[in-house]
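Below is one structure, written out as structure tokens; the observations come after it.
As the structure lists them, so they are numbered: ligands from 1, and atoms in each ligand from 1.
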Amino acid sequence: MHPLSRVCPRPRKHFPESCASARLHLMEPYSSLDFFGLEQGLDEDHLMVRDAVRAWVSERFLPVVAEHFEAGTFPMDLVGEIAELGVFGANLPEEYGCAGFDNVAYGLICQELERGDSGLRSFVSVQGSLVMWPIFAYGSEEQKQRWLPALASGEKIGCFGLTEPDFGSNPGGMLTTARRDGDDWVLDGRKMWITNGTISDVAIVWARAEEGIRGFLVEADSPGFSAPEQKKKWSLRASITSELVLEDVRVPDSARLPGAEGLKAPLSCLTQARYGIAWGALGAATACFHEGLNYAKQRVVFDKPLAGFQLAQKKLADLATRITCGQLMAYELGRLKDAGEVNPDQVSMAKRNNVELSLETARVVRDMLGANGISLEYQTGRHMLNLESVFTYEGTHDIHTLAIGEALTGLPAYR
Ligand SMILES: Cc1cc2nc3c(=O)[nH]c(=O)nc-3n(C[C@H](O)[C@H](O)[C@H](O)COP(=O)(O)OP(=O)(O)OC[C@H]3O[C@@H](n4cnc5c(N)ncnc54)[C@H](O)[C@@H]3O)c2cc1C
């Protein structure tokens with residue numbers, strides 16, 4: 001059965017009366033900016049995926065996201081519904097319980113999820129691109145059979161532990177170690193800024209062994225393993241971020257990803273996730289653009305709608321142009337990925353460009369909303385804060401600049 005056919009319409013949640021402006025805004029039907037008619041090139045399956053995720057985000061996620069953002073929680077009660085959409089590991093094969101979508105469909109999913117919140121897209125990106133994909137690409141058949149269906153159905157949640165307190169942009173310096181002891185491995189170290197860590201059943205932990213960097217599937221109940229939550233974030237608040245602490249954690253050799261050798265293994269996972277971010281960021285950008293355009297048409301200043309002033313039109317024209325350039329890049333990237341021709345530098349360029357334009361869109365629209373722009377009854381301020389994290393994670397803006405610079409010149413300028 002097609003995963004999306006399991007999705008049935010659900011009742012629309014009502015806003016408390018006090019949220020009048022949010023209710024007004026969110027009930028307006030959403031249609032993404034598509035200035036060049038790119039969506040006309042989508043086939044029926046793509047449109048079905050896009051529409052199903054879009055409807056779910058509108059009906060089930062947007063009504064609750066602001067309260068989760070305020071509380072610093074992720075809506076765990078929605079995980080089953082997210083799984084029913086078929087979005088966990090959506091571009092992995094059906095034989096492992098996944099949807100088997102192509103990469104354009106996967107991109108559209110990320111775009112629609114991030115229209116809701118970058119925390120929602122992060123949840124799905126980590127589960128699919130950073131946990132399921134490495135198991136699919138580097139795992140044994142036994143690991144695939146055991147973990148992929150459970151992760152696809154949302155029965156199990158995973159996280160990806162690469163970053164450490166002293167090594168983010170340069171993960172090759174990692175201090176976490178994996179020491180061979182008979183048939184087992186003993187892991188020691190500390191990871192930081194790990195999405196979903198506290199709520200995970202399994203962590204993919206990257207550690208330095210004598211042979212080089214290796215990846216391990218560490219189950220959350222392993223003695224010596226803990227994942228305390230990192231609090232006091234003002235960005236990606238509707239997403240759980242954690243430390244991973246590994247103190248003499250013993251795992252069998254069957255928990256090692258046998259195909260993962262060296263730093264290129266975790267970096268290849270990041271390329272998968274960055275692909276999703278390049279699309280996802282456009283969802284945040286179009287959410288803000290839509291909010292800004294509607295607001296400017298309705299808000300009367302100096303006796304006429306804000307949208308009728310040249311300054312406002314210049315802002316909207318600039319944003320629409322940048323978003324359209326980002327969409328062209330994402331669609332082309334999707335086609336290259338489906339043809340098996342995409343390279344990591346192209347993914348770097350798209351991640352860098354599309355996150356930057358989204359952050360810029362959020363900042364400009366935040367301004368256009370005036371004081372309302374700082375209220376959680378509107379979406380743009382929340383997207384703006386989230387996108388600061390997206391600008392930094394999965395390779396900072398600078399690191400992608402250097403990757404493109406190296407691709408162009410042949411000269412690495414990282415050190
Ligand atoms: C909300 C959130 C969720 C995250 N989730 C995960 C996760 O699930 N798993 C995971 O492993 N990690 C995760 N991360 C970590 C993220 O990937 C790192 O924060 C990121 O790679 C940057 O590393 P850093 O924070 O150590 O910054 P640093 O590497 O210390 O960078 C600091 C500054 O220096 C600049 N810089 C670094 N190197 C150079 C250079 N060579 N030349 C010029 N400038 C340079 C950077 O661009 C940046 O501006 C997450 C981070 C956040 C904020």
Practice task
May I ask you to check if ligand 1 and Asn170 share an N or O to N or O distance below 3.5 Å?
Solution key: no

Per-atom contacts of ligand 1 with [X], taking only distances under 4.0 Å to non-hydrogen atoms:
| X | result |
| --- | --- |
| Tyr393 | 2 (C), 3 (C), 4 (C), 16 (C), 17 (O), 50 (C), 51 (C) |
| Tyr414 | 40 (C), 41 (N) |
| Thr396 | 22 (C), 46 (C), 47 (O) |
| Glu394 | 17 (O) |
| Leu162 | 11 (O) |

Exercise for the section: Give the residue, atom name and distance (to 0.1 Å) of the protein heavy atom nearest atom 34 (O) of ligand 1. Expected result: Asp398 OD2, 4.9 Å

Exercise for the section: Specify the protein heavy atom at minimum distance from atom 20 (C) of ligand 1: its residue, its atom name, and the distance to 0.1 Å. Expected result: Thr392 O, 3.6 Å

Any sub-3.5 Å donor-acceptor pair from [X]'s side-chain atoms to [Y]'s backbone N or O?
| X | Y | result |
| --- | --- | --- |
| Glu164 | Thr176 | yes |
| Gln145 | Glu142 | no |
| Gln127 | Leu151 | yes |

Ring-plane angle category for [X] and [Y], please: parallel below 30°, perpendicular beyond 60°, tilted otherwise.
| X | Y | answer |
| --- | --- | --- |
| Phe123 | Phe88 | tilted |
| His290 | Tyr30 | perpendicular |
| Tyr275 | Tyr106 | parallel |

Problem - Distance (rounded to the nearest 0.5 Å) between Leu187 CG and Thr177 OG1 - result: 7.5 Å

Handout entry: Whether Cys159 lies under 4.0 Å from ligand 1, heavy atom
Key = no

Using a 4.0 Å heavy-atom cut-off, which part of [X] comes near ligand 1: side chain, backbone, both, or neither?
| X | value |
| --- | --- |
| Leu236 | side chain |
| Arg415 | neither |
| Thr195 | both |
| Leu402 | side chain |
| Ser169 | both |

Handout entry: Sub-4.0 Å protein heavy atom next to atom 30 (O) of ligand 1
Key = no

Problem - atom 8 (O) of ligand 1 within contact range, any protein heavy atom under 4.0 Å - result: yes

Handout entry: pair Glu394-Leu130: side-chain heavy atoms closer than 4.5 Å
Key = yes

Problem - Check: Leu319 and Leu33 side chains under 4.5 Å, non-hydrogen atoms - result: no

Practice task
Using heavy-atom distances, let me know which of Thr163, Val126, Val390 sits nearest atom 11 (O) of ligand 1.
Solution key: Thr163

Problem - Arg363 and Asp367 ion-paired at < 4.0 Å - result: no

